[in-house]
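Keep in mind it's a predicted model, so treat the numbers as computed, not measured.
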Amino acid sequence: MRQAFFGHSKESQEAALQSINKYLSETDHREILEEVAYIEGMRYLSLDMKRELLKNFNSEDLAMAFKFSSRKLIGEFFEGLSKSIKQEILYGLQQKCSIGEFKNNLDKLVRHMKLKESKGELILSKELNETYV
């Protein structure tokens with residue numbers, strides 16, 4: 001029986017990201033590494049920012065984008081969310097997806113986040129979030 005997935009440790013995240021390298025161009029692999037690092041900033045989103053993000057992304061797409069994320073990000077992103085939203089995302093994390101589906105959802109999430117960040121609607125830094133609150 002397969003063990004449930006709730007995010008990666010730092011070591012398993014590095015190994016997982018390295019394991020997909022053989023299926024990607026160097027540019028795509030580098031882009032994924034940068035985007036996975038970028039979304040780690042979601043740990044610092046306020047509850048209102050999380051809710052706004054969830055209005056624009058269904059839980060399955062978000063779960064796919066979280067496939068290579070850390071346990072810390074997933075745990076902190078869940079803070080304050082309803083049990084049903086958490087369950088939907090966790091269910092999505094257990095589902096298999098292709099590298100293409102993962103990359104597509106990750107790209108879409110990062111584009112959205114960067115747009116919202118540029119407008120000041122998302123804050124992805126602990127220091128700035130503490131100032132904002």
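- Note that NZ of K67 is 9.5 Å distant from NZ of K96, once rounded to the nearest 0.5 Å.
- Evaluation of the salt bridge (charged side-chain N to carboxylate O under 4.0 Å, His left out) rule for E26 yields R30 as partners, not counting sequence neighbours.
- Judged by distance alone, the side chain of Q13 and the main-chain N or O of F68 form a donor-acceptor pair under 3.5 Å.
- Across all non-hydrogen atoms, the minimal contact from Y38 to L124 is OH-CD1, 3.2 Å.
- Interatomic distance, CD1 of I99 versus CG of D28, reported as 10.0 Å (0.5 Å rounding).
- Of the inter-residue distances, the one linking S69 atom OG with R43 atom CZ reads 11.0 Å to the nearest 0.5 angstrom.
- Pairing each heavy atom of I39 with each of M113, the nearest pair is CG2-SD, 4.0 Å.
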Which side-chain N or O atoms in residues 104-111 pair as donor and acceptor under 3.5 Å with protein atoms at least two apart or in another chain?
residue: N105; atom: ND2; partner: E101; partner atom: O; Å: 2.9
residue: D107; atom: OD1; partner: K103; partner atom: NZ; Å: 3.4
residue: D107; atom: OD2; partner: K103; partner atom: NZ; Å: 3.0
residue: K108; atom: NZ; partner: D61; partner atom: OD2; Å: 3.4

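- Residues satisfying the side chain to side chain donor-acceptor pair (under 3.5 Å) test with E88, not counting sequence neighbours, are S59.
- Scored by the side chain to side chain donor-acceptor pair (under 3.5 Å) test, E40 finds S70 as partners (sequence neighbours excluded).
- More than 12 heavy atoms of other residues, nucleotides or ligands shown are found within 6.0 angstrom of CD on E31.
- Between F102 and A65 the shortest heavy-atom distance is CE1-O, 3.8 Å.
- Taking CG of L90 as the start and CD1 of I74 as the end, the distance is 7.5 Å to the nearest 0.5 Å.
- Residues that satisfy the side chain to side chain contact (heavy atoms under 4.5 Å, CB included) test with E14, not counting sequence neighbours, are K10.
- Separating the CG atom in L24 from the NZ atom in K22 is a distance of 11.0 Å, to the nearest 0.5 Å.
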### Query
Going through the checks in order, is the side chain to side chain contact (heavy atoms under 4.5 Å, CB included) test met by Y91 and Q87?
CA-CA 6 Å; Y91 177 78; Q87 288 175 335; over 6 Å; no
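- Following chains of ILVMFWY side-chain contacts shorter than 4.5 Å, one can reach L45 starting from L62, so the two form part of one hydrophobic cluster.
- Hydrophobic cluster membership differs between M64 and F57, with clusters built from Ile, Leu, Val, Met, Phe, Trp and Tyr side chains linked at under 4.5 angstrom.
- S84 and S82 share a donor-acceptor pair across their side chains, judged by distance under 3.5 Å alone.
- In this structure, the separation between CD1 on I32 and OG1 on T27 is 11.5 Å, given to the nearest 0.5 Å.
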Pair up each side-chain donor or acceptor in residues 48-56 with any protein partner under 3.5 Å, not counting sequence neighbours, and list the distances.
residue: K50; atom: NZ; partner: E76; partner atom: O; Å: 3.0
residue: K50; atom: NZ; partner: F77; partner atom: O; Å: 3.1
residue: K50; atom: NZ; partner: E79; partner atom: O; Å: 2.8
residue: N56; atom: ND2; partner: E52; partner atom: O; Å: 2.9

